[in-house]
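Quick note on labels: first sequence line is chain A, next is B, and so on, each numbered from 1.
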Amino acid sequence: MDSIKGIKGVKDILPEETPRWRLIEDTVRRWALSYGYQEIRIPIFELTALFARSIGSATDIVEKEMYTFPDRDGTSLTLRPEGTAGTVRSFIEHNRAADPLPQKYFYIGPMFRHERPQAGRLRQFHQFGVEFFGTSDPRADVEVIALLWRLLSDLALPDLTLEINSLGSSDDRAAYKPFLRSFLSQQQALLCENCHRRMDTNPLRVLDCKVPSCRAATESAPRLTDHLSTEARQHFDQVLCGLVALGVPYQLNPRLVRGLDYYCLTSFEITSTHLGAQNAVGAGGRYDGLVKTLGGPSVPAVGFALGLERVSLMFQKTSSPLRDECLYYVAAFGEEGKKCGLVLLDELRRAGISTQCDYRATTLKAHLRQADRAKCRYAILLGDDEASLGSVILRNLESKAQEVLPLEGLASILKTRTFPA
RNA sequence: GUGGGUGUAGCUCAGUUGGUUAGAGCGCCGGAUUGUGGAUCCGGAGGUCGCGGGUUCGAAACCCGUCAUCCACCCCA
């Protein structure tokens, strides 16, 4: 019989990796909390309409990458492809805008997109993200960018680049698009097939095309940043000033266009050269219109999302492997020793002392081998001799020093001992 | 959706122009006299050579198909 395999692009995170993942998760949580963001836990599936309306129906995500299925009554549901839509939905549904603003949320969890798997790209992947609601002040943009930059720096990820751009207001873009379109139509012959299609659906994306000939053809294209309203221009300048003040290095990238429809004004992306083709580790921007689009009040917002697999990929290269270990190993053998050992294990564990044992081992030799392999710091030897004496031998596996301790009350004795980390 | 690479033991990989019973290292289990681990030595378990066809006296190897996986396009975190 064929064994059942996991789903394509859906990976197990095995015990060798989970300590590292926990460290990453703990780090991003700590940073978010220290900036005053509060954790929100939203469902991993929602009405399909939510994503179609927020992300944009013409985007690849909505067009061909969503895991969509009918509920039993026929309602179309979708596994979340990103976290912002659900967070905003929740914000509106619980009428959070009636509470004092601003409000700052963060989330962490799995997302789903039906894409072809690749280095740093999975069908189930994990994101950490923050959403800062209720402040249009550019310092809010600076704050979320700084948060992202600082926590990535804290993880000591190598060779990061922050790129930033302003997409202007939707009016700015509407005013700019004719200029861009007329420029692009002059260059049409030089553009790739994909870009021909983009010229109609989303001309801004042509600027972001990776094909070298397209890049060359758009080198002298009119820049959106030259067509910003004074408000948008000011906002952008203040964001940049803030970054300078904080010493967060950035690179202007007038070609940077985010894929999701809801972004406006500030748009940014952090990339690393250590990631292969999928080089964006985190990205975000402002989305002042989204809350209203989804049926809520007009509340400005700014946020980002961070790809945790991509963080993990880089983190592996810079951090040494971690492992969850038990402090003690109970080597119980012999008729009476085994009986006492079973009880001792329970006592130690109830006292919160991490303890291991291999029930297969019948000899002391086999036990010590297992203790060594499990990287325990101490072995508690408990054979028939000890059982009849009511004692145990505590063996330091590194120094090989041994001492005799009473079996009775051993947990409280060990509990008082402190060990170097 | 489109390309390209790779599928041999739990893991990393050898395997000659097609030739007998498919190998190594690591890992795992056991042993090297009584109740003391890591090292060494010895022994053992473990493989439908991804799967299905085909060519051949003979296929892990060659051909076709298929599946899986990786990388890239695309897209994005």
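The phosphate of B/G30 has OP1 or OP2 within less than 4.0 Å of a side-chain N or O from A/Arg369. Of the side-chain N and O atoms in A/Gln402, none sit less than 4.0 angstrom from OP1 or OP2 of B/G37. Phosphate proximity of B/A72 to A/Gln118: present, with a side-chain N or O under 4.0 Å from OP1 or OP2.
Around CZ of A/Arg150, the count of heavy atoms belonging to other residues, nucleotides or ligands within 6.0 Å exceeds 12. Crowding of A/Arg30 atom CZ: a count of heavy atoms from other residues, nucleotides or ligands under 6.0 Å exceeding 12.
Contacts of A/Gly129 with the nucleic acid, taken as non-hydrogen atoms under 4.0 Å apart, are absent. Using a 4.0 Å heavy-atom distance criterion, A/Glu16 is classed as making no nucleic acid contact. A/Phe333 comes within 4.0 angstrom of a base, heavy atoms only. Using a 4.0 Å heavy-atom distance criterion, A/Leu381 is classed as a base contact. As judged by a 4.0 angstrom heavy-atom cut-off over every strand, A/Ala283 is placed among residues touching the sugar-phosphate backbone only. Residue contacts shown for A/Lys8 are limited to sugar-phosphate atoms, with no base heavy atom under 4.0 Å away. Nucleic acid contact for A/Gln370: sugar-phosphate only, since backbone atoms but no base atoms lie under 4.0 Å from a heavy atom of the residue.
One interatomic measurement links the two molecules: NZ of A/Lys375 to C1' of B/G37, which rounds to 12 Å at whole-angstrom precision. For A/Leu368 and B/G38, the CG to C1' distance is 10 Å, given to the nearest whole Å. Rounded to whole Å, atom P of B/G38 lies 16 Å from atom CG of A/Asn396. Atom P of nucleotide B/U36 and atom NZ of A/Lys365 are separated by 8 Å, given to the nearest angstrom.
B/G46 and B/A9 have their P atoms separated by 15 Å, given to the nearest Å. Spacing between B/C13 and B/A60 at atom P, rounded to whole Å, works out to 22 Å. Comparing B/G1 with B/C74, their C1' atoms sit 9 Å apart, to the nearest whole Å. For the P atom pair drawn from B/A22 and B/U16, the interatomic distance equals 15 Å after rounding to whole Å. One C1' atom belongs to B/C63, the other to B/U55, and the distance between them is 7 Å to the nearest Å. Taking atom P on both B/C29 and B/U66, the two are 43 Å apart, rounded to the nearest angstrom. Between B/A32 and B/G37, the distance separating the two P atoms is 12 Å to the nearest Å. The C1' atoms of B/G52 and B/A14 are separated by 27 Å, rounded to the nearest whole Å.
Using a 4.0 Å cut-off between charged side-chain N and carboxylate O, A/Arg121 and A/Glu115 make a salt bridge.
For the residue pair A/Arg113 and A/Tyr67, the shortest heavy atom distance occurs at C-CE1, 3.8 Å.
With sequence neighbours excluded, the residues satisfying side-chain contact (heavy atoms from CB on, under 4.5 Å) with A/Leu122 are A/Lys11, A/Phe125, A/Glu309.
Heavy-atom nearest nucleotides on RNA chain B were determined for A/Glu82 and for A/Asp358, and the one closer to the 5' end corresponds to A/Asp358.
The aromatic rings of A/Phe304 and A/Phe268 stand perpendicular to each other, their planes meeting at an angle above 60°, with 30° marking the opposite boundary.
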